[in-house]
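Reading through the structure tokens given below for one structure.
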Amino acid sequence: DAGITQSPRHKVTETGTPVTLRCHQTENHRYMYWYRQDPGHGLRLIHYSYGVKDTDKGEVSDGYSVSRSKTEDFLLTLESATSSQTSVYFCAISDPNEQFFGPGTRLTVL
Amino acid sequence: SQQGEEDPQALSIQEGENATMNCSYKTSINNLQWYRQNSGRGLVHLILIRSNEREKHSGRLRVTLDTSKKSSSLLITASRAADTASYFCATAYSGAGSYQLTFGKGTKLSVIP
């Protein structure tokens with residue numbers, strides 16, 4: 001999968017708890033993205049990064065924050081998880097045209 | 001709101017037949033891309049067509065782009081059971097140092113052996 005990993009792969013958590021998802025790449029690509037995928041909605045962009053410490057909001061950024069302190073790592077944080085954030089989260093990288101996707105993280109918020 | 005919209009939402013064909021999926025979008029783009037997603041997996045890039053191109057081929061895939069109609073089509077010829085997957089179009093926008101793709105909701109293709 002183009003040298004991109006996500007951790008954890010599965011997580012169950014409770015409403016109100018903080019959650020951090022990690023995306024790690026070994027391709028040295030400049031751009032990194034976090035998406036969520038929900039039935040009936042397809043893939044929606046949460047946040048993206050176009051360089052170390054350079055990030056911006058996507059279509060559905062409310063309730064999420066990101067950080068990128070190194071080229072290879074892009075973290076997605078849910079400060080206080082809600083049931084509406086139950087989803088499958090995908091990280092992607094690009095340089096810059098085609099995107100390469102990680103295997104996904106299935107997050108369940110009870 | 002999402003840029004690309006695929007049509008149909010679901011398509012079922014017999015092995016060996018051709019499958020055609022369409023994508024419409026709303027604003028100017030740099031390029032348009034097609035991705036495939038097998039159940040439970042991440043998306044895989046299939047093909048990219050730039051805004052100044054009209055047609056592109058890759059193996060059994062043929063993509064067309066009509067910027068005047070803001071639409072694209074993906075044709076898979078001589079389909080195989082292994083082509084069963086969801087297919088997404090994604091429109092690319094770049095500006096001010098950023099580069100984003102906006103994905104449609106996908107077409108679910110079932111190829112019956």
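Computed from a predicted structure; not experimentally measured.
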What residues of residues 45-54 of chain B sit under 4.5 Å from chain A when you count only heavy atoms?
B/H45, B/L48, B/R50

Just verifying a value: how many Å separate A/L43 CG and B/K105 NZ, rounded to the nearest 0.5 Å?
13.0 Å

Indicate, with yes or no, if A/V88 and A/L75 share a hydrophobic cluster defined by side-chain heavy-atom contacts under 4.5 Å among Ile, Leu, Val, Met, Phe, Trp and Tyr.
no

When the 4.5 angstrom heavy-atom criterion is applied to B/Q9 and chain A, the contacting part is neither

Which bit of A/Q37 comes within less than 4.5 Å of chain B, counting heavy atoms only: side chain, backbone, both or neither?
side chain

Is atom NZ of B/K56 surrounded by more than 12 heavy atoms (other residues, nucleotides or ligands) closer than 6.0 Å?
yes

Report all side-chain donor-acceptor pairs from residues 90-104 of chain A shorter than 3.5 Å, counting only partners two or more places apart or in another chain.
residue	atom	partner	partner atom	Å
A/S94	OG	A/Y33	OH	3.2
A/S94	OG	A/P96	O	3.0
A/N97	OD1	B/Y99	OH	3.1
A/Q99	OE1	A/Y35	OH	2.8
A/Q99	NE2	A/Y35	OH	3.3

Is the number of heavy atoms from other residues, nucleotides or ligands within 6.0 Å of CZ (B/R60) greater than 12?
yes

